[in-house]
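To start, the structure itself, in C-alpha cells.
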Amino acid sequence: MNIINARLRGQTSLYSIRVEQGVFTAIEPQTATLSPSASPSEIDAQGNLVCAPFVEPHIHLDAVLTAGQPKWNQSGTLFEGIERWSERKPQLTPEDIEQRVLKTVQLLVENGVQYIRTHVDVTDPSLTALKTIAGLKEKLSKVIELQIVAFPQEGICSFPNGKQLMEQAIEHGADVIGGIPHFEFTREYGVESMHWVVALAKQHGLLVDVHCDEIDDEASRFLEVLATAALEQDMGERVTASHTTAMHSYNNAYCSKLFRLLKKSKINFVSCPTESIHLQGRFDTYPKRRGVTRVKELREAGMNVCFAQDSIQDPWYTLGNGKLLRVLDAGLHICHMMGYRDLSTALDLITINGAKTLQVEQQYGIEEGKPANFIILQGCDDLAVIQQQGEVLYSVRQGEILVQRQPASLLRTTHLS
Ligand code: FE2
C-alpha cells in the first residue's frame, strides 16, 4: 500500500508513506504534489492529515446503549446513574451484552478508534459482563486492541466479597485493576482499597486505572493515596487516575502541594469532559462548578492527560456517538484550552496521550518499522481538523482498510462572495 500527498502532524511538507506486510516501511517527504495513479493499493490523502488512530482510554462497554432501561436517570446525577444501573444489572445476559458491545465497537471503529480500555463492572457475583467481554477480545482483535478493567462499581471493601470478585476477574481475563475509593462507605475503606489495588496489580503484573475522586467533594482526597502507592510500589507509569473531578474544587495551596507528588509519581490522567460537565456540579445552585479536573494545569506541569467519552447512551449519559473529536472539542472549551499552543497539539489528547496511558506507545505512531495503524482525518493539521470537526476518511489497521468514507458533499448553496 502507498499513501501519497499526506500531511503529518508537526510537519509542513507533503509525505509519501509505504506500507508492506502491515508495517510502515518508508515515510518520505515529497517535493511536490503527486498525481494519483490508478493503482488500487494507492491512497491519495489529498493533503489531509495522516495520524495515529484514536484511543478511547475510558469507556464502559458493559453499560452502553442501556439508557432508559428499565428507568431513565431523571436527576442526571452520578449517584442516580449507579442506582439505575443496579436495576439493569440483573437483566444482563451474554447475548444482550455481546450485541450492545459489538454495535458500539463498530461505531467507535467507524470514527477512527483502534484502541479501547473498557471498565467492566465486577460487583456482580456471576461476573457475566466480564466473562462475556473477555470472550469477545479475540474476535475484536482484528479491528481494535482491547484492555479490560476489573471495575468495582459498588466498591471493593463496601461490597460483599468485593476483593474475591476482583481476584476472580483477573482469572477471567482482566488486564487492569480498577477502584472507586470515593464511593466506598468510609474514607478508611477508600484508603485501604487504594493500597490493595496497587499491590494486587503489582503482584499480577497488571495495570491500574481507578475512578478516583469522581465527586465535587473538595475533601475527597484519594488521589494523593493512589499516587503515593504508585510511587512507593514503583508503578507510576502503569497507574491511571480517571476523572479526579474533586481536583476542580481543591484549594490552590493544596493543589500546588499535590502536584509535586503527582509529578514524582508519573501516573497518567483520564478526563471525560462531556461526562463530567454533565454529572458534576449537580448539588450546586449558582455559580455551578464545571467539575472537570485541571487538565490544562496538569499538562502544563508535564503530566500525561488524555480525554475519553466514558459513556455512550447509558444510565449516566444519554448521548454519545463514538466521535472522540466531539469530546475533544467540548474538552478544549470546558478546560479553557483555546489558545493556539493548546489547539495546535490538541489531537495528542485523543491519540498519543491515550496510547501512553494504555502503555501501548511502543507499537503506536507513524514511524518506519511500526505496525501500519493509522487514520486519515479531514484537515491538514490539528487546528484545521478541530475547526471543521473533520471526518475520519480512512482507518487502516496493519495495512488493511477498516473504514473508508466519502465526506458529505454540499449539493446547493448561495455564494456570498
Ligand atoms: Fe467511568
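Numbering of ligands and ligand atoms starts at 1, following listing order.
Within 6.0 Å of CD in E297 there are more than 12 heavy atoms belonging to other residues, nucleotides or ligands.
When the options R117, H211, Q309 are evaluated for a side-chain hydrogen bond (donor to acceptor under 3.5 Å, both in side chains) with H58, the one that passes is H211.
Taking 2.8 Å as the limit, the number of protein N, O or S atoms around the Fe ion (ligand 1) is 4.
In this model, no donor atom of one side chain and acceptor atom of the other lie less than 3.5 Å apart for D314 and W85. In summary, the side chains of Q114 and S395 do present a donor paired with an acceptor at a separation below 3.5 Å, with no hydrogens or angles considered.
The existence of a salt bridge linking D234 and K266 is excluded, since no basic side-chain nitrogen approaches an acidic carboxylate oxygen closer than 4.0 Å.
Considering only heavy atoms from C-beta on, T351 stays 4.5 Å or farther from P53 through its side chain.
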